[in-house]
Novice: 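This is the structure I have questions about; it appears just below.
Chain naming here is simple, since letters A, B, ... match the order of the sequence lines and numbering starts at 1 in each.
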Amino acid sequence: MNKIYTIYKKLYETYGAQGWWPFINYDGVNRAKKGVNRGYHVLDYTFPRNSDEVFEVCTGSILTQNTTFSSVVKSLENLNSKKSLTANGIESMDIQELKTAIKPSGYYNQKAEYILEFIKFYKGLNGAIPTREELLNIKGIGEETADSILLYGYNQLQFKVDAYTKRVLTELGLIDKKAKYHEIKLLMESSLKEAVEDKKDLLVIYQEYHALIVNHAKEFYSKKPYGQGCFLKDI
DNA sequence: AACCAGGACGTGA
DNA sequence: TCACGTCATGGT
């Protein structure tokens with residue numbers, strides 16, 4: 001039991017399952033929580049359920065770059081209300097209409113271009129699972145976005161590292177502040193693979209872990225000085 | 001009223 | 001390779 005897995009268990013004990021990635025069109029068992037947790041699917045790991053939901057994760061992953069997810073939801077709902085939250089739907093939109101729809105998420109000029117670039121690639125897949133290298137070759141998709149797409153859109157065993165992950169690990173002294181993305185990703189993946197007995201649990205752990213870190217970091221690592229009152233410090 | 005958010009790219013050194 | 005500027009709206 002290494003520290004990375006210990007942190008996961010503490011976070012899970014504290015916050016419970018997160019139901020990440022949330023879906024705009026979700027109408028499943030947690031619908032009762034609408035208004036509060038609308039779109040989340042806590043303890044239901046049967047997602048994405050179809051190609052439209054895969055595409056929703058991909059688009060959301062691009063839109064969420066350096067932006068809060070709540071603003072991404074606005075953009076996704078704008079697209080969805082135009083019945084355009086699909087590859088063909090977006091592709092058939094007027095470019096200005098697309099930009100206006102995703103405006104709430106910021107960087108709308110770039111992101112519109114990125115989404116269209118992705119769509120060209122996505123349609124060529126014909127439902128196949130993309131490789132990480134293929135995703136990284138697409139303009140607008142860097143390491144985190146690629147891992148986000150693979151982990152949540154395609155249920156692939158790829159840990160998603162974000163700014164919060166790096167910040168928390170740095171503050172806890174588990175990694176150097178100059179550590180690069182790949183270094184952090186490797187630490188997370190190797191630690192979890194080593195500590196988790198049943199390997200088929202890893203996917204859910206990867207998915208929950210990222211969401212748990214975000215949830216925790218929003219409370220304890222969003223304002224300086226970082227880590228005030230963080231219960232992870234005593235490990 | 002600054003400050004920064006669940007990044008990625010282009011550039012110059 | 002690396003540091004830095006740029007992209008932009010929205011919440012605090």
Novice: Out of the candidates A:I175, A:D162, A:L174, A:T170, only one should pair with A:I184 under the side chain to side chain contact (heavy atoms under 4.5 Å, CB included) rule; please name it.
Specialist: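 It is A:I175; the other options fail the test.
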Novice: With salt bridge (charged side-chain N to carboxylate O under 4.0 Å, His left out) as the rule and sequence neighbours excluded, what pairs involving residues 63-75 of chain A come up?
Specialist: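 Not a single pair qualifies under salt bridge (charged side-chain N to carboxylate O under 4.0 Å, His left out).
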Novice: Expected output is a numbered-order residue list: members of residues 208-218 of chain A with a heavy atom under 4.0 Å from any atom of DNA chain C. What is it?
Specialist: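 Here the set is empty: none.
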Novice: Can you give the donor-acceptor pairs under 3.5 Å from side chains of residues 193-208 of chain A to other protein atoms, not counting sequence neighbours?
Specialist:
| unit_1 | atom_1 | unit_2 | atom_2 | d |
| --- | --- | --- | --- | --- |
| A:E194 | OE2 | A:N2 | ND2 | 2.9 |
| A:D198 | OD1 | A:K200 | N | 3.3 |
| A:D198 | OD2 | A:K200 | NZ | 2.6 |
| A:K199 | NZ | A:K193 | O | 2.5 |
| A:K199 | NZ | A:V196 | O | 2.9 |
| A:Q207 | NE2 | A:L151 | O | 2.9 |
| A:Q207 | NE2 | A:N155 | OD1 | 2.8 |
| A:E208 | OE1 | A:Q18 | N | 2.7 |
| A:E208 | OE2 | A:Y45 | OH | 2.6 |

Novice: Please figure out whether A:Y226 or A:Y114 has its closest DNA chain B nucleotide nearer the 5' end.
Specialist: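 Looking at DNA chain B, the more 5' nearest nucleotide goes with A:Y226.
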Novice: Answer with yes or no whether the side chains of A:T67 and A:K111 bring together a donor and an acceptor at under 3.5 Å.
Specialist: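 Distance-only check passes for A:K111 and A:T67.
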Novice: NA contact type, A:K180, heavy-atom cut-off 4.0 Å: base, sugar-phosphate, or nothing?
Specialist: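 Here A:K180 touches the backbone only, sparing every base.
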Novice: Could you identify which residues of residues 130-156 of chain A place a heavy atom less than 4.0 Å from some atom of DNA chain C, listed by residue number, or say none?
Specialist: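 Heavy-atom contacts with DNA chain C come from no residue of residues 130-156 of chain A; none.
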Novice: Have A:N78 and A:S75 got a donor and an acceptor in their side chains that come within less than 3.5 Å?
Specialist: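 There is no such pair (donor and acceptor under 3.5 Å, judged by atom type) between the side chains of A:N78 and A:S75.
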Novice: Quote, to the nearest angstrom, the P distance that separates C:dC4 from B:dC4.
Specialist: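 About 16 Å, rounded to a whole number of Å.
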Novice: Would you verify whether the NZ or CZ of A:K103 falls within 45 degrees of the ring axis of A:Y108 while also being under 6.0 Å from that six-membered ring's centre?
Specialist: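 Relative to the ring axis of A:Y108, which defines the angle, A:K103 lies inside both limits.
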Novice: With sequence neighbours left out, write down each residue that passes side chain to side chain donor-acceptor pair (under 3.5 Å) with A:Y181, or none if nothing qualifies.
Specialist: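 Counting only residues at least two positions away or on another chain, A:Y181 forms a side chain to side chain donor-acceptor pair (under 3.5 Å) with A:D147.
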Novice: For residues 114-126 of chain A, run the donor-acceptor check on the side chains, cut-off 3.5 Å, and write out each pair with its distance to 0.1 Å, sequence neighbours left out.
Specialist:
| unit_1 | atom_1 | unit_2 | atom_2 | d |
| --- | --- | --- | --- | --- |
| A:Y114 | OH | A:Q110 | OE1 | 3.3 |
| A:E117 | OE2 | A:K120 | NZ | 3.2 |
| A:Y122 | OH | A:S51 | O | 3.2 |
| A:K123 | NZ | A:N88 | OD1 | 2.8 |
| A:K123 | NZ | A:E91 | OE1 | 2.7 |

Novice: Are any side-chain N or O atoms of A:S105 and backbone N or O atoms of A:S71, one a donor and one an acceptor, separated by less than 3.5 Å?
Specialist: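 Present.
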Novice: Could you pull out all donor-acceptor pairs under 3.5 Å where a side-chain atom in residues 219-235 of chain A meets a protein atom, sequence neighbours excluded?
Specialist:
| unit_1 | atom_1 | unit_2 | atom_2 | d |
| --- | --- | --- | --- | --- |
| A:S222 | OG | A:K218 | O | 2.8 |
| A:K233 | NZ | A:G227 | O | 3.2 |
| A:D234 | OD1 | A:K10 | NZ | 3.0 |

Novice: How would you summarise protein contacts on nucleotides 3-12 of chain C per nucleotide, using B for base, S for sugar-phosphate only and - for none, with heavy-atom distances below 4.0 Å?
Specialist: S---BBSSS-
Novice: For A:S92, give me all partners under side chain to side chain contact (heavy atoms under 4.5 Å, CB included), at least two apart in sequence or on another chain.
Specialist: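 Side chain to side chain contact (heavy atoms under 4.5 Å, CB included) list for A:S92, sorted by chain: empty.
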Novice: What integer number of Å spans the C1' atoms of B:dC3 and C:dA8?
Specialist: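 Per the computed distance, 14 Å lies between those C1' atoms.
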Novice: Using distance only, find each side-chain donor-acceptor pair of residues 136-143 of chain A under 3.5 Å and give its atom names and separation, not counting sequence neighbours.
Specialist:
| unit_1 | atom_1 | unit_2 | atom_2 | d |
| --- | --- | --- | --- | --- |
| A:N137 | ND2 | A:E133 | O | 3.4 |
| A:K139 | NZ | A:E113 | OE2 | 2.9 |
| A:E143 | OE1 | A:R132 | NH2 | 3.2 |

Novice: Reading DNA chain B from 5' to 3', where do the contacts with chain A start and stop? Cut-off is 4.0 Å to heavy atoms.
Specialist: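 Boundary nucleotides touching chain A, in 5' to 3' order, are B:dA5 to B:dG10.
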Novice: Taking only residues two or more places apart in sequence, or in another chain, which ones meet A:Y5 in a side chain to side chain donor-acceptor pair (under 3.5 Å)?
Specialist: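 If we apply the side chain to side chain donor-acceptor pair (under 3.5 Å) test to A:Y5, skipping adjacent residues, there are no hits.
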